[in-house]
Number of protein chains: 2
Amino acid sequence: MSDRREFRDLAEPEEAHEAIASLDLAPEPETVPLREARGRVLAERIDAELDVPGFDRASMDGYAVRARDTFGADEVDPATLDLVGAVHAGSEPAVAVEPGTCAEISTGAVMPDGADAVVMVERTTEVAPGDESGDDAGVDAVEIRTSVAPGDHVMFAGADIAAGGRALGPGTEITPREIGLLSALGVDAVPVRGTPTVGIVSTGDELVRPGGDLHSERGQIYDVNSYTIAAGVEEAGGEARLYPHAGDDYDEMERLLVEASEECDLVLSSGSTSASAVDVIYRVIEERGDLLLHGVSVKPGKPMLVGRVGESAYVGLPGYPVSALTIFRTFVAPAVRRAAGKPEPQTATASGRMAQQERYSEGRMRLMPAGLVEDSDGNTLVYPVDKGSGATTSLVEADGVVVVDPDTEYLAAGESVEVQLFSPDVRAPTLFAVGEDDPALSRLLDRVERPRYLPIGSRQGLRRLRDGVPDAAVVAGEPGRDPVASPDPTGDDEPVPTEVLGEWTREWGLIVPAGNPDDVTGLADLVDRDLRFVNRDSNAGVRTTLANALADVADERGTTRRELTEAIDGFDRAVRAHESPARRVLAGDADAGLGLRATAERLDTGFVSLGSEAVRVHANPARADKSGVRQLREAIADGDDVFATLAGYGR
Amino acid sequence: MSDRREFRDLAEPEEAHEAIASLDLAPEPETVPLREARGRVLAERIDAELDVPGFDRASMDGYAVRARDTFGADEVDPATLDLVGAVHAGSEPAVAVEPGTCAEISTGAVMPDGADAVVMVERTTEVAPGDESGDDAGVDAVEIRTSVAPGDHVMFAGADIAAGGRALGPGTEITPREIGLLSALGVDAVPVRGTPTVGIVSTGDELVRPGGDLHSERGQIYDVNSYTIAAGVEEAGGEARLYPHAGDDYDEMERLLVEASEECDLVLSSGSTSASAVDVIYRVIEERGDLLLHGVSVKPGKPMLVGRVGESAYVGLPGYPVSALTIFRTFVAPAVRRAAGKPEPQTATASGRMAQQERYSEGRMRLMPAGLVEDSDGNTLVYPVDKGSGATTSLVEADGVVVVDPDTEYLAAGESVEVQLFSPDVRAPTLFAVGEDDPALSRLLDRVERPRYLPIGSRQGLRRLRDGVPDAAVVAGEPGRDPVASPDPTGDDEPVPTEVLGEWTREWGLIVPAGNPDDVTGLADLVDRDLRFVNRDSNAGVRTTLANALADVADERGTTRRELTEAIDGFDRAVRAHESPARRVLAGDADAGLGLRATAERLDTGFVSLGSEAVRVHANPARADKSGVRQLREAIADGDDVFATLAGYGR
């Protein structure tokens, strides 16, 4: 093996924050058009350069008067003023209001010379000559039925904000409201903090950009970190630039990091997870920059680097997506926001109780991804989401992180914890269900608002439902053999009390190549012939159904089920998802696989039917009224269209 | 006057919500590149089309083995396996692991045929032939010092998510985390909800786009609503399109509204505030569309229209910016979010107590703009911000709105209220100060984080400080005549107990045209000669200083101050802001104005010095430790650079 960098002297998280804060990522201020200024941050104070309004302005429809002429006027004893003309908004007054006269005026119009108040139209009556009830055509005077004081219903020039006044301070984030004030001031070019440019270099020979051709046989995987971190950079107010992937070659890595450093305020690498790539980056930073810190005492994310490349700041993120995004959010995003002048978002947190105990004793701070579920009392339960850093699904299966102190070895079930939500808008899902992987269920979930479903299989699903965490479990099993009320498939003793939200049936059997070239007819062929089989994992309900069917064959033959399963080539070759056996068959890796008719139709394979099994959705009875649980119940009840479109499905 | 639409039958706010909800604004779904998908909302479910990972993957650096070969191995009795080669991430294994052999493997690499587990490198020792301590060059075997089970440190194909599995449901908002999962699935074209297009037609002959030339004498004002509402539309997830302003002409209004309706999902007009324009819009909607509702029982915002133009939805907003934005936020933004598929943001609210009583009795729901200030105990005080709907500064002087029920006639001081914040990130300012309009203060405030300053004058400022709402008041007055401890300029009896945060002096006098063409030498010229003067308003401290100086002149002449002020042409011609008299002089509207030497220098006018006055910053002593108050105290103490750059300023 090559030499390895052991991250022995791990820095405390606080030191990592300080190291990053010591780097300067802030770009020069710039000027943007007002129309594009939303979300930016003012680089300097804006003073008003003109009065708003720019003239004495009528703030009511009515008549511009000299207030003195109305003194004493009321309903009983109105003042009558000669009408000398009209002033409309957007035009220069062509009249002046002399003593004893008035002018019609619209809201927003310029007060004519001489006038110092407006009488609202509702308190006036037009008068035609010789006709007290007059109409528009002949009006030459107006009765004023109220008295007004100078300034009434007039907004004086500069009353909103006057020229020279402080309008907005530096550091103000520009929202629609600030755009309103800037518009009123006529400011159409806004001096704002620059957007920090963040270059992203993902390293690893195995990476392929999404959309490219993937060669799994060569160990290629799609590059998750480039787009994920880019989105995180943009969310924090930065501009992300993606660079081509770098392999483990020193010269290539150096060229890319130096190129990025010349173009960006901050360079991020997400390390290949192989030790040799980390070594290469390490050497490049030491030779072309300055390494301030390597290794942070935090899980996930230990192998984090902080330093400089050329004139730019540099942070090396771990390679695993969950680790990379967690470290980015925790350490880098605050620095990007600071550089962009953006305030730290109000930390959104949720308080809850641990749904289960969690042991931890690694002696470094842990950022534990956690999911939320509301119990029947509306309290929040918190459960750890730990599928390993390599699992990208855990990105969306968690709602936030619980910061676990290095000295905490143990979180007890029921212990209060605080979850730092991924964003202030994160809410617990309306439905948290687990269990069998079923295509009809997947479609039904589309009709539930914000559901969360973990396809962990019928057996595990029931176990979790028993433990009180999820709202519901989806269980597949042989019809008539209720896996819940009767012999408990979990192997535990007590039956789980549940409320059945609904059920349906699905046809199961053997997936074979199109045209069934081996003429498979049933389970006996798997036992008796030389066929390569692919099974589902032991949590899958359909595997229990298969086991039960094999037990029936064993009974017929007067042998044991074990003897039959041992005779099947591949009975223990188990895959986790409902389509996986079919895909193995399609790939030519197997002659038959356990699966559903619906899957065979979807993937155009052959199918040998072995029967129908029931799929039941069991809810925690205490949570039967949660909105998502109700929505799922309704979706099943109204789901005929779903069952009709899936081959082999029924009620 | 023209006929007026009286909004007599006002709809309840709930009816307005329903009317808007009955309109369909949702555009067709579209497909966007993954790189641009952040913030969008999935239009349909995304299932995995491939296994992630796509192959059985080593999750540690170490040696790929057949687990069976390690059974029983431990530190004392290691198993020795022949090394047959190496597999690196991103390359296809060139070796197979036969019984008794192992292969070096990197994290992320494809498991070679035959191997079913990985032994981590830390539990192994390389062995060279005939050299137990061997080095890389000659290694041909490896000692395995632990036993592993099949699957240890291997992530099986599809273990993260398997082909056919449900990845993300419809309606999911795409954050960096979803981008991570979509990247892992290789999805680079994402089906998302369309962005509703919202056309904005501002009406009013008087409007000029920001950046254009403004003719105030014709009553022109900058168009505030177009950009403000456009920013609001974008914040809600829509795309805004601005149309040219429409005047009150029927044909022009019809042409614009119909054009916008053909291009947009929703058309918004912001009505000119003149009654005739409202009438014209009203007629266009009735003739070219369908009017569902006119007039809503809410303040501000009564004159709101809801209907259709052609095939598009239509909402008519009021013309005043505060009303327009309030109505947009309350009624329209939720519909735009719904159309975009965006969740309603968590309503951010702040609970507080009314800082003062507020009467209200108009019988319609009031959306009362409110400001927040923290008192010395960290409790939130809430005060109404009511500068009239025509004031754009009230957009930024408020932090949210208090919804006041139509039946509430009175909010008592101390009463608990809930403020709906303009956004979840709104926080009370760190400093809420009021008082004299002073250019040095404005610069000092740049050094305070999130301050709020209302330039309401020294007199009003002291009054408010006495009422307990602001943290500090800035008071200008004649040196030696302490406006606070000694004769109270507010006219109230009790002196206000305050803590002085700092003070400075500024030179005041008469602003005259450049070169002082009238040879003004002092106050006597104003009294004795035929000069047009512009004064400041009675809240301005500098006006008090002027009054005191005139009292001294009166003493010298053996007359009363009143006689002198009556002799000055324009002593009562008062303007509110510190630069305004100078600007009147510059415009030729006056021969002399009350002002500061600093203003004269800035605007290149002449100046006749009449003395220096003190400016003191008085804090509410209970709040002297608030962070913004401390920052202002420090800014004043460290403010020599500010005072040095402003002519006539000193300590």
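Order of the sequence lines fixes the chain letters, A, B, ..., with proteins taken first and strands second; residue numbering starts at 1 for each chain. Only this structure's heavy atoms are used, side chains among them; waters, hydrogens and symmetry mates stay out.
Heavy atoms closer than 4.5 Å to chain B are found in the backbone of A/Asp223, but not in its side chain. Neither the backbone nor the side chain of A/Leu441 comes within contact range of chain B; no heavy atom of the residue lies under 4.5 Å from a heavy atom of that chain. When heavy atoms are compared at a cutoff of 4.5 Å, A/Phe422 approaches chain B solely by way of its side chain, counted from C-beta outward. Heavy atoms of A/Leu207 lying under 4.5 Å from chain B are absent altogether. For a residue to count as touching a neighbouring chain, one of its non-hydrogen atoms must lie under 4.5 Å from one of that chain's; by this rule B/Leu50 touches chain A with the side chain only. At a 4.5 Å heavy-atom cutoff, the contact between A/Pro451 and chain B is made by side-chain atoms alone. There is no contact between A/Arg329 and chain B, counting heavy-atom distances below 4.5 Å. Heavy atoms closer than 4.5 Å to chain A are found in the backbone of B/Leu185, but not in its side chain. Both the backbone and the side chain of B/Arg443 have a heavy atom closer than 4.5 Å to some heavy atom of chain A. Within the 4.5 angstrom heavy-atom criterion, no atom of A/Asp56 approaches chain B. For A/Ala109, no part sits under 4.5 Å from any heavy atom of chain B, backbone or side chain. Heavy-atom distances place no part of B/Ala37 under 4.5 Å from chain A, backbone and side chain included. Proximity to chain B (any heavy atom under 4.5 Å) is shown, for A/Val426, by both the backbone and the side chain. Of the two parts of A/Ala324, neither the backbone nor the side chain holds a non-hydrogen atom closer than 4.5 Å to a non-hydrogen atom of chain B. Within the 4.5 angstrom heavy-atom criterion, atoms from both the backbone and the side chain of B/Glu234 approach chain A. Using a 4.5 Å cut-off between heavy atoms, A/Leu325 contacts chain B through its side chain alone, with no backbone atom that close. Contacts of B/Leu182 with chain A are absent, with no heavy-atom separation under 4.5 Å from either backbone or side chain.
With contacts defined as side-chain heavy-atom distances shorter than 4.5 Å, the pair B/Val396/A/Leu168 qualifies. Looking at A/Val110 and B/Glu217, their side chains never come closer than 4.5 Å, going by heavy atoms from C-beta outward. When side chains are defined from C-beta on, B/Glu178 counts as touching B/Thr172, because their heavy atoms get closer than 4.5 Å.
The candidate with the highest count of non-hydrogen atom pairs below 4.5 Å against chain B, out of A/Ala162, A/Gly186, A/Gly211, is A/Gly186. Your options are A/Ala582, A/Ala163, A/Gly158, A/Ala58, and the one with the most heavy-atom pairs under 4.5 Å with chain B is A/Ala163. Per-residue counts of heavy-atom pairs under 4.5 Å with chain B were compared for A/Asp446, A/Asp188, A/Thr392, A/Leu214; the largest is that of A/Asp446. In terms of non-hydrogen atom pairs under 4.5 Å with chain A, the most contact-rich of B/Leu445, B/Ile229, B/Ile221, B/Ile161 is B/Leu445. Put simply, of B/Gly54, B/Pro170, B/Ala577, the one with the most heavy-atom pairs under 4.5 Å next to chain A is B/Pro170.
A distance-only check finds no donor-acceptor pair linking the side chain of B/Asp160 to the backbone of B/Val52 [under 3.5 Å].
Evaluation of the side-chain hydrogen bond (donor to acceptor under 3.5 Å, both in side chains) rule for A/Gln220 yields no partner, not counting sequence neighbours. Residues that satisfy the side-chain hydrogen bond (donor to acceptor under 3.5 Å, both in side chains) test with A/Thr228, not counting sequence neighbours, are absent from this structure.
For the atom pair CD1 (B/Ile179) and CD (B/Glu36), the distance works out to 10.5 Å, reported to the nearest 0.5 Å. Separating the OG atom in A/Ser183 from the CG atom in B/Asn225 is a distance of 8.5 Å, to the nearest 0.5 Å.
A/Arg584 CZ: 12 or fewer foreign heavy atoms inside a 6.0 Å radius.
Residues B/Asp437 and B/Pro455 come closest through the heavy atom pair CB-CB, 4.1 Å. Minimum interatomic distance between A/Asp205 and B/Ala89 (heavy atoms only, all atoms of both residues): CB-O, 4.1 Å. Taking every heavy atom of both residues into account, B/Val142 and B/Tyr63 meet most closely at CG2-CE2, 3.6 Å.
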